[in-house]
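The structure under discussion appears below in the form of structure tokens.
Bear in mind the structure is a predicted one, so any value in this text is a computation, not a measurement.
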Amino acid sequence: MALQLPPHDGAVLSVVDMHTGGEPLRIVLGGYPQVRGDSVLSKRRYVREHLDHLRKALMFEPRGHYDMYGALIVDSELPEADLAVLFMHNEGYSTMCGHAVIALGRFAVDYKLVREPRSPETQVNIHCPCGLVRAFVQYAAGKTGGVRFLSVPAFAFATDVTVAVEGFGEVTVDISYGGAFYAFVDAQRFGLDVSKSRTRDLVDAATAVSNAVKSQVKLHHPTSDDLAFLYGTVLTDGKDEFSPEPTANVCVFAEAQVDRSPTGSGVTARVALQHHKGQIRLNQTRTFQSGATGSQFTGKAVEETRCGDFRAVVVEVAGRAFYTGASHFVQEADDQLANGFLLK
């Protein structure tokens, strides 16, 4: 029997699903109304205020799940951008997502969103809410492969910050920016192992840290107040000094959402933090491993720069993304759960 849409009311939402290191990405192909705004950041505000029901329909159950992640392609105000993107998750809209950039790089070449592909790499300029990110997609014999990207300026915001964490007392954290702000802390502080402990225990510890930092530390970004919020907490294995061996971490972001990948923007922020502390030099490549799935990204600081008053670096992150399918989603008018729900 040929696949066809069931009887339904209303618009059809069409998507392509991918994953990068196990972390899902649902790319919207069609069904969204026009997104208004004269900049990517203003478009981000517009979808949050006017179209959030569609985020919930695609990210939440029954079409998605608690840890689903999405990308909505929009127009960019930058002439050099091949596409712009708004990131979405269980809580709202992020400013940067490295695993999504890796997937979108491959998607943009395969779906002909860029000019004629070139071997061995095709450059894709992706305008994220945090700024322009340059991705480089392996391309040979008509096929796409691995992707690396160059970050926006990344910097250590504050180191050795002591916060009072409910249930754990005083905890010392570092805060770093890689397109989004993260708190970093060694999981051993909580008696946990990022690769062996129960996910629930890791989530509880990371969420408690995030709540403490949000309430006790005021963040700011030199270019936009829209970027000045804590996205999540990265629990690490404490192996921050440079080594050829992989170092593992788990990122818990948004509303206690667990990243299955090593976290592209988290790796960016962690490399910036390690460089700031003298633990990694320019062009020293480290391997970062997800404590959740074992998947790996590589990361290295490739250029020193500045972001306002902060000493910053441009970080290169590399990984692989894969397609998992394509779907057309419908909503029936009398479905009381059509707009989605989450079980917490």
Worksheet entry | Members besides Phe60 in its Ile/Leu/Val/Met/Phe/Trp/Tyr cluster (side-chain heavy atoms under 4.5 Å) |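 Other cluster members: Leu13, Val15, Val28, Tyr32, Val35, Val40, Tyr46, Val47, Leu51, Leu54, Leu58, Met59, Tyr66, Met68, Leu72, Val74, Leu86, Met88, Tyr93, Phe329, Leu342.
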Fill in: Hydrophobic cluster of Val12, others only, ordered by chain and residue number, side-chain cut-off 4.5 Å
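Reading the cluster by chain and number, Val12 sits alongside Leu5, Val330.
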Worksheet item: For Leu282, which residues count as a side chain to side chain contact (heavy atoms under 4.5 Å, CB included) partner, sequence neighbours excluded?
Response: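 Leu282 satisfies side chain to side chain contact (heavy atoms under 4.5 Å, CB included) with His275, Ala301, Glu304 once adjacent residues are dropped.
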Item to complete: Just jot down the side chain to side chain contact (heavy atoms under 4.5 Å, CB included) partners of Val152, sequence neighbours excluded, or say none.
Response: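 Listed in chain order: Cys130, Val133, Tyr177.
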Quick one: list whatever passes salt bridge (Lys or Arg N to Asp or Glu O under 4.0 Å) with [X], sequence neighbours left out.
X: Asp17; value: Arg26
X: Asp193; value: none
X: Arg115; value: none

Which residues pass the side chain to side chain donor-acceptor pair (under 3.5 Å) test with [X], not counting sequence neighbours?
X: Tyr111; result: none
X: Ser39; result: Ser42
X: Lys277; result: Asp174
X: Arg45; result: Asp226

What distance do [X] atom [atom1] and [Y] atom [atom2] have between them, rounded to the nearest 0.5 Å?
X: Asp67; Y: Asn90; atom1: CG; atom2: CG; value: 7.0 Å
X: His8; Y: Gln331; atom1: NE2; atom2: CD; value: 10.0 Å
X: Glu77; Y: Asp38; atom1: CD; atom2: CG; value: 7.5 Å
X: Asp259; Y: His99; atom1: CG; atom2: NE2; value: 6.5 Å
X: Arg118; Y: Tyr139; atom1: CZ; atom2: OH; value: 12.5 Å

Worksheet item: Which of parallel (below 30°), tilted (30 to 60°) and perpendicular (above 60°) describes Phe168 and Phe190?
Response: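 Geometry flag for Phe190 against Phe168: perpendicular rings.
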State whether a side-chain donor-acceptor pair under 3.5 Å links [X] with [Y].
X: Gln289; Y: Gln296; answer: yes
X: His328; Y: Ser14; answer: yes
X: Ser261; Y: Ser295; answer: no
X: Arg106; Y: Thr144; answer: yes
X: Asn125; Y: Glu80; answer: no

Side-chain donor-acceptor distances from residues 264-273 under 3.5 Å, at least two apart:
{"unit_1": "Ser265", "atom_1": "OG", "unit_2": "Tyr182", "atom_2": "OH", "d": "2.5"}
{"unit_1": "Thr268", "atom_1": "OG1", "unit_2": "Gly264", "atom_2": "O", "d": "2.9"}
{"unit_1": "Arg270", "atom_1": "NE", "unit_2": "Asp240", "atom_2": "OD1", "d": "3.3"}
{"unit_1": "Arg270", "atom_1": "NH1", "unit_2": "Thr247", "atom_2": "OG1", "d": "3.3"}
{"unit_1": "Arg270", "atom_1": "NH1", "unit_2": "Asn249", "atom_2": "OD1", "d": "3.0"}
{"unit_1": "Arg270", "atom_1": "NH2", "unit_2": "Asp240", "atom_2": "OD1", "d": "2.9"}
{"unit_1": "Arg270", "atom_1": "NH2", "unit_2": "Thr247", "atom_2": "OG1", "d": "2.9"}

Got [X] and [Y] here, is their nearest side-chain heavy-atom distance under 4.5 Å?
X: Pro62; Y: Phe341; result: yes
X: Leu41; Y: Ser224; result: yes
X: Met96; Y: Ser151; result: no

Item to complete: Could you please spell out the steps behind the salt bridge (Lys or Arg N to Asp or Glu O under 4.0 Å) verdict for Arg198 and Asp201?
Response: CA-CA 5 Å; Arg198 294 193 316 164; Asp201 294 336; 3.0 Å; yes
Discussion item. Between Arg189 and Asp186, does any side-chain N to carboxylate O distance fall below 4.0 Å?
Written reply: no
Fill in: side chain to side chain contact (heavy atoms under 4.5 Å, CB included) assessment of Arg311 paired with Arg306
CA-CA 5 Å; Arg311 294 174 56 191; Arg306 298 196 72 85; 3.3 Å; yes
Worksheet item: Nearest heavy-atom pair of Ala333 and Asp9: which atoms, and what distance?
Response: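 It is N-OD2, 3.2 Å.
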Discussion item. Using the ring-ring contact (aromatic ring centres under 6.0 Å, His included) definition, which of the options Phe184, Phe310, Phe229 pairs with Phe157?
Written reply: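 It is Phe310, the one option of Phe184, Phe310, Phe229 that forms the ring-ring contact (aromatic ring centres under 6.0 Å, His included) with Phe157.
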